[in-house]
Amino acid sequence: MAGDRPQDFIRQIVTRDVSAGKNGGAVVTRFPPELNGYLHIGHAKSICLNFGLAEANGGLCNLRFDDTNPSTEEVEYVRSIENDVRWLGSGWGDRVFYASDYFEQMYEYAVALVRKGKAYVDDLSAEEISEYRGNFTTPGRNSPHRDRSVEENLDLLARMRAGEFPDGAKTLRAKIDMASPNQNLRDPVMYRIVHESHHRTGDAWCIYPMYDWAHGLEDSIERVTHSICTLEFENHRPLYDWFLDALDVYHPQQIEFARLNLSYTLMSKRKLLELVRRGAVDGWDDPRMPTLSGLRRRGYTPDAIREFCARIGVARADSVVDVAQLEHAIREDLNRRAARVMAVLRPLRVVVENYPEEQSEELDAVNNPEDPAAGTRKVPFSRVLYIERDDFREDPPKQFFRLALGREVRLRYAYFVKCVSVVKDPSSGEVTELRCTYDPATRGGDSPDGRKVKATLHWVSAEHALGAEVRLYDHLFAKPDPEEVREGQDFFANLNPNSLERVADCRVEPSLRGAAPGSRFQFERLGYFCVDRDSTAERPVFNRTVTLRDTWAKIEKRQS
Ligand code: ATP
Ligand code: MG
């Protein structure tokens, strides 16, 4: 499918480079997550792009943990990231690298820049550096320490590394141009002093490299050919190039693309972490989270996410993608692969008066009309059934064709039934039971006399059904842009109070007994559902992945 699509501008660049024999025709890309959270659907776009480019060109893609910052790294994040990348694509994430493995090499490069007179040790504090840097309208001023001799700089750098100075006392800075219109070039900091242990290097280092200094070196050391990043790094490219040129080392090409934004969704790990920390969600893999682990728990498949990424494409202009498009992708995929079953979320008891007590029978039901190979299964029928409370109305409005007093409907795969009386709770007036009759001649769902009914309902047999909990999800945020808030508020003000509804007393057909966590089903007429890990064999818990209503298909229809 993806092969029929026009190439985006990055694929075009890479194809051109390969045919021109640049880098000997090699393609090496990388996906370089920082260790400060779980991966989200935006990262999936980058993963699909980078691993996809390598795959399409017989190249390699590295999973590189950008672990240059000692204070935020966590082993838990490493595990989750590896797991998510592998889940998204087979063979992806097999080449695993750590930026911290290059610390010694980076230090040697820093010494080389000092020797060339292109880097110096500064004594200014972080506040002073930022004050000296100037701003958009004012050029920066040189630090009083900018013209230290090479010998003095070498000595101070060695002593920084040896731990002679406290945090923040000194920095190593590149000597570029304090008046540059690009503020990234105003003598950026390369190393800062942080006396903290690192998850891999322990206490070997007390100076840590800054992102802009480290990133190009990591790419160069790994001989990455195309270093693909999001648009906010466009202004950093001159610095990326400056470092590699100044060192005269292998020089990858940085290319920027627009990051993915999704309506009703936040896409920053820092903000997602806030949601977790403040308990707005039930952890990183809460099925309402846009994280890959959340989407997986919700029932999303890797195929659907990859197809979504292929469809949204790669562009150079920022935009917001309608979350309905993501839902459309999973609906299409599950329509093909999910087995159909019957489940009643809000049960209303139905007694079939002319069906013998003690009797039951098994009816044939189709597992997946989209996939004949999926076969059929048996569904038990008996005198007492449950149907969906919503499928009955005492005073049916005009367009309501489902069950009502005196009306006949089809029970899917079973019989025609007709409602003959209604039992109510005398105190509340609530309907507690329907009394029906069935027509034995309609077994399987058709009437030999050609009689028509206007509705087909799903149902379960009361005696055979399994109790279940079903969790219905809606958007986590009530506004398309969660950041659209009044002054003094933050995105927490836009949390949707109805994003999770737990329906505790559902009844599902007995074939779902023991269904494995992660398995996915279509509940007929209701939507797609995935077995949650909170399930037990006797009491499954289901997450609603998505309803059957396709809002994206409607949007597309309107647009065409
Ligand atoms: P966040 O703001 O969520 O923390 P980040 O860019 O800081 O994102 P990194 O871990 O540094 O996160 O990202 C790893 C890679 O994923 C980078 O190459 C980055 O450009 C890419 N990436 C991150 N977010 C998106 C997004 N929304 N769309 C596309 N690519 C993304
Ligand atoms: Mg980041």
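Read the numbers this way: they start at 1 and go in the same order the structure lists the ligands and their atoms.
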Are N543 and T545 close enough, and set up right, to give a side-chain hydrogen bond (donor to acceptor under 3.5 Å, both in side chains), and what steps lead you there?
CA-CA 6 Å; N543 296 314; T545 312; over 6 Å; no

Going through the distances and angles, do E222 and Y102 end up as a side-chain hydrogen bond (donor to acceptor under 3.5 Å, both in side chains)?
CA-CA 10 Å; E222 291 177 14; Y102 314 140; 2.5 Å; yes

Check the pair E274, D490 against side-chain contact (heavy atoms from CB on, under 4.5 Å), reporting the backbone distance first and the verdict last.
CA-CA 11 Å; E274 274 293 286; D490 64 8; 5.8 Å; no

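At a 3.5 angstrom cut-off on N or O pairs, H40 counts as close to ligand 1. For ligand 1, the polar-atom distance check finds an N/O of L260 within less than 3.5 Å of one of the ligand's N/O atoms. In terms of polar-atom proximity, defined here as any N/O pair under 3.5 Å, K269 does make such a contact with ligand 1.
Heavy-atom proximity to F257, at under 4.0 Å, picks out these atoms of ligand 1: 29 (C), 30 (N). Residue H43 has at least one heavy-atom neighbour below 4.0 Å for each of these atoms of ligand 1: 8 (O), 9 (P), 10 (O), 12 (O), 13 (O), 14 (C), 16 (O), 22 (N), 23 (C). Residue contact check: S268 has heavy atoms under 4.0 Å from atoms 2 (O), 3 (O) of ligand 1. Near T230, the atoms of ligand 1 lying under 4.0 angstrom from a non-hydrogen atom of the residue are 20 (O), 29 (C), 30 (N), 31 (C).
Here F233 has no heavy atoms under 4.0 Å from ligand 1, in either its backbone or its side chain.
Aromatic ring centroids of Y98 and F65 lie under 6.0 Å apart. Within the 6.0 Å centre-distance limit, the rings of Y211 and F233 are counted as a close aromatic pair.
For the residues G42, S227, P33, the heavy atom positioned nearest atom 25 (C) of ligand 1 is part of G42. Considering each of E34, M267, R259, R30, the one bringing a non-hydrogen atom nearest atom 8 (O) of ligand 1 is R259.
Counting only N and O atoms by type, the side chains of Y38 and E76 include a donor and acceptor under 3.5 Å apart. In summary, the side chains of Y240 and D219 do present a donor paired with an acceptor at a separation below 3.5 Å, with no hydrogens or angles considered.
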